[in-house]
Amino acid sequence: MALAQAKSDATEARLSGLTIPEGGAAWAREARHDALNRLQGMGLPYRRDEYWRFTNPAEFLTQETPRAEIALDAPGFEGTEVLRVVFTDGVFDAEASDALEQDGLEIERFSEAVTKDIHWVKGLLGVLETAGQNRVDRPLAIFNTAFAEDGLVLRATGKVGKPVHVEYRRSNETAEAVLRHMVRVEDGAELTLLESGVGASRLNTGMEVDIADNGAFHHVRMQGRDHERRAATHVFARLGQESTFKSFTLSLNGMMTRNEVIITLKGDDAVAHVAGAALGDGRDFHHDDTVFVTHDAVNCESRQVFKKVLRNGATGVFQGKILVEPDAQKTDGYQISQSLLLDEDANFLAKPELEIYADDVQCSHGSTSGAIDETALFYLKSRGIPEDKAQDLLVLAFVAEALAEIEDEELAETLREQLAGWLERRR
Amino acid sequence: MLNIKGLKVKLEEEDKQILKGVDLEVGAGQVHAIMGPNGSGKSTLSYVLSGRDGYEVTEGEASLDGVDLLDMDPEERAAEGLFLAFQYPVEIPGVGNMTFLRTAYNAQRKARGEEEASAAEFLKIVREKAKDLKIDAEMLKRPVNVGFSGGEKKRNEILQMAVLEPKMCILDETDSGLDVDAMKLVSDGVNALRSEGRSFLVITHYQRLLDHITPDVVHIMANGRIVKSGGPELALEVEKNGYADLMDEVQ
């Protein structure tokens, strides 16, 4: 009882200074009020919550926004032709953005979409997020539904030629940003969404992705080098028949990151891959991937591939679950989380889970922690490769399996270069 | 070229003496073979020369063209021109063979103060050498030694040797796991590299490799020492009578 009281006190304290955005269409107001009610009922995360045991949520909950130094050289996707959309301190930056026009795509600001009485977003806002609360509480996602004012609304109606690149920028050291992106990929359509940049000293992003039959959604995200920022992100996806969802996140440093991906395979023969690589150096690095994949249709495939390279007291967390509903026969589920610990100070905490109610399924999961392979290191050195460079090669090799999940070779190469550059700079 | 004097080596972790005073001198352009029964210390010698962890030199010295090897890191020895062809080449998933070769090639050039090769230049160098060893483009693209057959792995070692152009090559049981055709291919590769400025130390159990790579000198190693040296005929003698007779004779 005392625990519940402490939790509700903390929730009340955090929410006391906040008001949900005013205006907007009736449906948007309703969704936001509903979220606020749900959040008050559930309470904000607490260290003793089952899914917050490895990650201390305290930094997401302070009333005052933590100060975070602004990183000047946030990596982007230079070299890829994109439709660039910039948010500075959590607000759409028209001047820095390209015109919101693209063949096969309807694109507009979230803040505008929610003012329209008739809009397709009405049927989606908060819907996947609410469904995604099944078995695991995700209060920071509800927080996002209640308080997000800006973001992007994307509806792909055909094969969208160039990726949409959402770039987060920051102009002050205590910027707080809550952004909501809504995505709908129509039957047979295809969309690639890229995300990068510093965003805010405290960033909360939420995304609901609804993929119709035969649709394909690719998501590639780069977080990092803005070391001092805190980020809590949620991606909720619902997949129709024979649709595809692929998401990859590269994280290079960051003192507090919690990335949650919640996927439901609703149509038969759908494919969902979610992967990530995180490299952390230092006691103040904490990176958490929390993934939940629900198989709710026949003959679907899901893969979770996560790699973390940790040193100098850095901490990596992986919590991954595959839930197979009774009717989801012929499910093919795969999950692997691995860490490469470059010294004895680094920590990796993993919680792989399978919950299976169908009888004709194939599910596997694995989790490993290991040091660098000394034999391989000697082999490289014996060919004249210096120790630090040899170690970098082995680190790149370690994360290669996760990078291989990126379908677009050019994007994969961009990330590989970012990674190699980061390794070189750390020396 | 290679000078080893009174080299004594024990295992770092336990009190076990493996090399008990090895003396060996390999002149420029020469091919020396070391034969010996299991556990005689042949592979240890190759590891100690290339700088692998886990061994402690308690006495003696080893130098390459007057440069002391024993104080150097493995990568420095490689840049000095020492090369070890492994008995068991290591598989490195995720590192492309080509990337590996180019990184090594350029690291050595950099260490020697020479200009690094561009990707295009390097590709040309490798293609030529790979062709002689019947290594196809597919093998160059694959991760280092991953999924390679025994013969492919050994050919890949020789390819590295051909590309890196070391002056002192140590071949540690390069013949193990090779069929007759592969042995011929590997030997041809080695023979093509023989030159006045390049020396070889060929470690093997069997005489058959020495049919292909004719040595100038054959040494017999036993119990951590070189117990007998002679010409190529010594290898034939071992093949015929085994090590036992020889050991009796030495004692």
Side-chain angles (χ1 to χ4, degrees), chain A residues 248 250 275-279 305-309 336-340 342-343 366 368 370-406 409 412-413 415-417 419-421 423-424 427, chain B residues 46-55 69 72-97 99-112 114 116 143-146 153 156-157 159-161 163-166 169-170 172:
Chain A
F248 181 90
L250 175 68
L279 278 78
V305 180
F306 287 87
K307 305 266 185 168
K308 293 182 202 284
V309 182
I336 183 91
S337 66
Q338 296 183 305
S339 71
L340 180 61
L342 294 180
D343 55 42
T368 65
I372 211 115
D373 179 348
E374 290 295 334
T375 314
L377 195 64
F378 172 66
Y379 190 64
L380 295 172
K381 279 160 47 174
S382 79
R383 298 301 181 247
I385 301 173
E387 168 124 13
D388 49 5
K389 200 149 199 171
Q391 186 170 304
D392 287 359
L393 271 179
L394 294 176
V395 167
L396 286 168
F398 172 74
V399 300
E401 187 193 355
L403 277 167
E405 294 292 319
I406 303 173
E409 249 314 302
E413 191 51 40
L415 265 63
R416 208 171 286 127
E417 277 165 23
L419 230 159
L423 287 168
E424 211 151 293
R427 296 207 294 260
Chain B
S46 73
Y47 286 143
V48 170
L49 289 175
S50 55
R52 189 173 190 147
D53 284 345
Y55 302 99
L69 287 174
M72 283 194 260
D73 287 330
E75 60 269 32
E76 293 171 317
R77 300 180 197 206
E80 277 299 326
L82 186 79
F83 183 95
L84 169 65
F86 281 53
Q87 183 181 359
Y88 304 108
V90 182
E91 295 187 7
I92 312 183
V95 177
N97 212 9
T99 307
F100 163 60
L101 277 169
R102 188 152 82 95
T103 309
Y105 183 81
N106 280 335
Q108 289 201 18
R109 290 185 73 89
K110 198 176 163 193
R112 291 194 291 260
E114 295 162 11
E116 298 182 23
V144 180
N145 294 325
V146 177
K153 282 180 182 173
N156 200 27
E157 293 291 288
L159 174 66
Q160 292 166 40
M161 191 189 284
V163 168
L164 298 172
E165 300 185 320
C169 309
I170 304 170
D172 187 8

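All figures in this text were calculated on a predicted structure; none of them were measured in a lab. Every chain is numbered from 1, with letters handed out A, B, ... down the list of sequences. Hydrogens, waters and symmetry mates are skipped; everything else that's a heavy atom, side chains included, is used.
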Discussion item. Which one wins on heavy-atom pair count under 4.5 Å against chain B: A/S382, A/A400, A/A390?
Written reply: A/S382
Worksheet entry | B/R52, part contacting chain A, at a heavy-atom distance under 4.5 Å | both
Worksheet item: Excluding sequence neighbours, so at least two apart, what forms salt bridge (Lys or Arg N to Asp or Glu O under 4.0 Å) with B/E165?
Response: B/K129
Practice prompt. Please look at A/E401 and chain B and tell me whether the side chain, the backbone, both or neither of the residue comes under 4.5 angstrom of a heavy atom of that chain.
Written response: neither
Worksheet item: Is there a donor-acceptor pair under 3.5 Å between the side chain of B/T99 and the backbone N or O of B/V95?
Response: no
Discussion item. Holding to side-chain contact (heavy atoms from CB on, under 4.5 Å), I want the full list of residues that pass it with A/E405, two or more places apart in sequence or in another chain.
Written reply: A/H273, A/A275, A/R303, A/V305
Item to complete: Might you point out which heavy atoms bring B/L84 and B/S46 nearest each other, and give the distance in Å?
Response: CD1-CB, 3.7 Å
